[in-house]
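The next block holds one structure in the form of structure tokens; read it before the comments.
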Amino acid sequence: MAAAPYALGLVGARGYVGAELLALLASHPDFAIALATSRERAGQPAASVAPGLPPGLVFESLDAEGCAARRLDGYVLALPNGRAAEYADAVARARPDAVVVDLSADHRFDPAWRYGQPERRRRELAGARRVANPGCYATALQLALAPLVPRLAGPPHAFGVSGYSGAGSEPSPRNDPARLRDNLLPYALVDHVHEREVSHQLGVPLSFSPHVAPFFRGLSVTVQAPLAPGESLASLDAAFREAYGGEPLVRYFGPGEPPSPRDAAGRHDVTLGGLALSRDGRRAGLVAALDNLLAGAATQALRNLNLAFGLPENRGVPA
């Protein structure tokens, strides 16, 4: 692999996550953006979205083969679900040793790709060439549930609410502020992709009800977990502290006031809190909150790039 700075391409830079990732990469000491694609912004300077980028870098409109022909060191695919696979295939043919981080759901169930949640898969991600970035809800749910999995007596349930940026930038009823005003809309009543993703990754079935709300960014998930006998609030609290005590981008606050989406907005970490135990000791509740555009997407993609290129995991992540 070439030496740093590594030349990267961001495919699908128009969306909210793409804009956040451009801003993070603009100040990264070891990455150089050599390609940014957007059909809607084609010809416009990339610095109009991320001021730290070179003034000569403009958005381009390229198909999969055109992107792969650039033969860059790495590619980030910030494309809608169903559209990333053709770009990944084109890069694999033209530049098989390039790093590809896919932010869509296209490769999250593909065993040939590494699943990019650093807290749980850090060793597998070091030096990886193909990384499937987790979904935003899936990131929060897995961190909230992982310490509880060995203690479960049955399938957990979760209720989630996210800002409408989670519905993407393409106009739809789920990101229409007028329709969302004083309102709450479900994404899917059953079989949401993040429900399947978390069930697949944790090895336990999950029932999940995601919703979209009138605020722009941030999300919150409330999990309800049936427990095997013998657990206490102290034992659960200790399990979370052991799991995340050394994680710089996970804040765990134990029992007490649960975190909120507003508190998570603009942050690069995940917050867990509000841990509670039912009177009979057989059910635990917990809330996880994060910024769906940052900790749930762009920041995690940056960390995956760092790991893939052998750099310190959190390099370029603002304090």
Side-chain angles (χ1 to χ4, degrees), residues 1-39 41-42 44-79 83-104 106-107 113-114 116 118 125-134 268 293-294 297-318:
M1 183 181 292
Y6 301 107
L8 298 184
L10 179 57
V11 182
R14 169 184 179 270
Y16 298 129
V17 173
E20 296 286 357
L21 190 51
L22 271 180
L24 288 173
L25 291 171
S27 60
H28 196 289
D30 297 302
F31 295 134
I33 295 292
L35 171 68
T37 76
S38 169
R39 287 177 298 178
R41 297 181 184 269
Q44 299 178 23
S48 63
V49 173
L53 291 172
L57 181 68
V58 298
F59 290 109
E60 302 179 58
S61 179
L62 297 176
D63 61 11
E65 298 298 334
C67 290
R70 294 297 179 87
R71 301 184 63 81
L72 305 174
D73 297 311
Y75 294 81
V76 180
L77 307 180
L79 296 165
R83 290 184 51 198
E86 65 171 311
Y87 286 82
D89 291 344
V91 171
R93 291 190 296 269
R95 189 82 162 88
D97 59 339
V99 171
V100 180
V101 176
D102 180 9
L103 277 81
S104 81
D106 289 9
H107 298 100
W113 287 62
R114 304 292 175 87
L125 292 165
R129 303 294 88 180
R130 301 289 181 268
V131 179
N133 220 60
H268 299 273
L293 303 180
L294 291 174
T299 306
Q300 197 158 215
L302 180 65
R303 296 167 70 198
N304 286 325
L305 284 169
N306 284 332
L307 288 167
F309 281 98
L311 302 171
E313 180 182 316
N314 294 326
R315 179 168 292 182
V317 178

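Hydrogens, waters and symmetry mates are skipped; everything else that's a heavy atom, side chains included, is used.
R303 places a side-chain heavy atom less than 4.5 Å from the side chain of N314. Using a 4.5 Å heavy-atom threshold, the side chains of L305 and H28 count as separate.
The aromatic rings of F31 and Y6 lie tilted to each other, with the angle between the two planes from 30° to 60°.
With rounding to the nearest 0.5 angstrom, the CH2 atom of W113 is 10.5 Å from the CG atom of N133. Here the CG atom belonging to L10 is positioned 10.0 Å from the CG atom belonging to L57, to the nearest 0.5 angstrom. Note that CG of N304 is 11.5 Å distant from CZ of R114, once rounded to the nearest 0.5 Å. Note that the OG1 atom of T299 and the CD atom of E20 stand 8.0 Å from one another [nearest 0.5 Å]. One finds the CD atom of E313 at 8.0 Å from the CG atom of N306 (value rounded to the nearest 0.5 Å).
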(message) Apply side-chain contact (heavy atoms from CB on, under 4.5 Å) to residues T37 and Y87 and explain how you reach the verdict.
(response) CA-CA 12 Å; T37 76; Y87 286 82; 6.0 Å; no

(request) Tell me, with the steps shown, if R315 and L302 meet side-chain contact (heavy atoms from CB on, under 4.5 Å). (result) CA-CA 8 Å; R315 179 168 292 182; L302 180 65; over 6 Å; no

(message) Using the rule given for side-chain contact (heavy atoms from CB on, under 4.5 Å), can you reason through V100 versus H107, listing the C-alpha separation, both sets of side-chain angles and the distance that settles it, and then say yes or no?
(response) CA-CA 11 Å; V100 180; H107 298 100; over 6 Å; no

(request) Show the numbers, then the answer: is there a side-chain contact (heavy atoms from CB on, under 4.5 Å) between L8 and F309? (result) CA-CA 11 Å; L8 298 184; F309 281 98; 4.1 Å; yes

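Across all their heavy atoms, A68 and A90 have their closest contact at CB-O, 3.4 Å. Considering every non-hydrogen atom in both C67 and Y75, the closest pair reads O-OH, 3.0 Å. The two residues D30 and A4 have their closest heavy-atom pair at OD1-CB, 3.8 Å. Closest approach of P55 to P45, counting heavy atoms only: O-CB, 4.4 Å. When all heavy atoms are compared, the tightest approach of A47 to L53 is CB-O, 3.8 Å. Among all heavy-atom pairs drawn from L24 and P318, the shortest one is CD2-CD, 3.6 Å.
With hydrogens and angles ignored, the 3.5 Å screen pairs no side-chain donor or acceptor of R130 with any backbone N or O of A128. A distance-only check finds no donor-acceptor pair linking the side chain of D102 to the backbone of A132 [under 3.5 Å]. The backbone N or O of R95 sits nowhere less than 3.5 Å from a side-chain atom of R71 that would complete a donor-acceptor pair.
Results of the side-chain contact (heavy atoms from CB on, under 4.5 Å) test with L103 over L77, V131, V17, L79 single out V17 as the only residue that passes.
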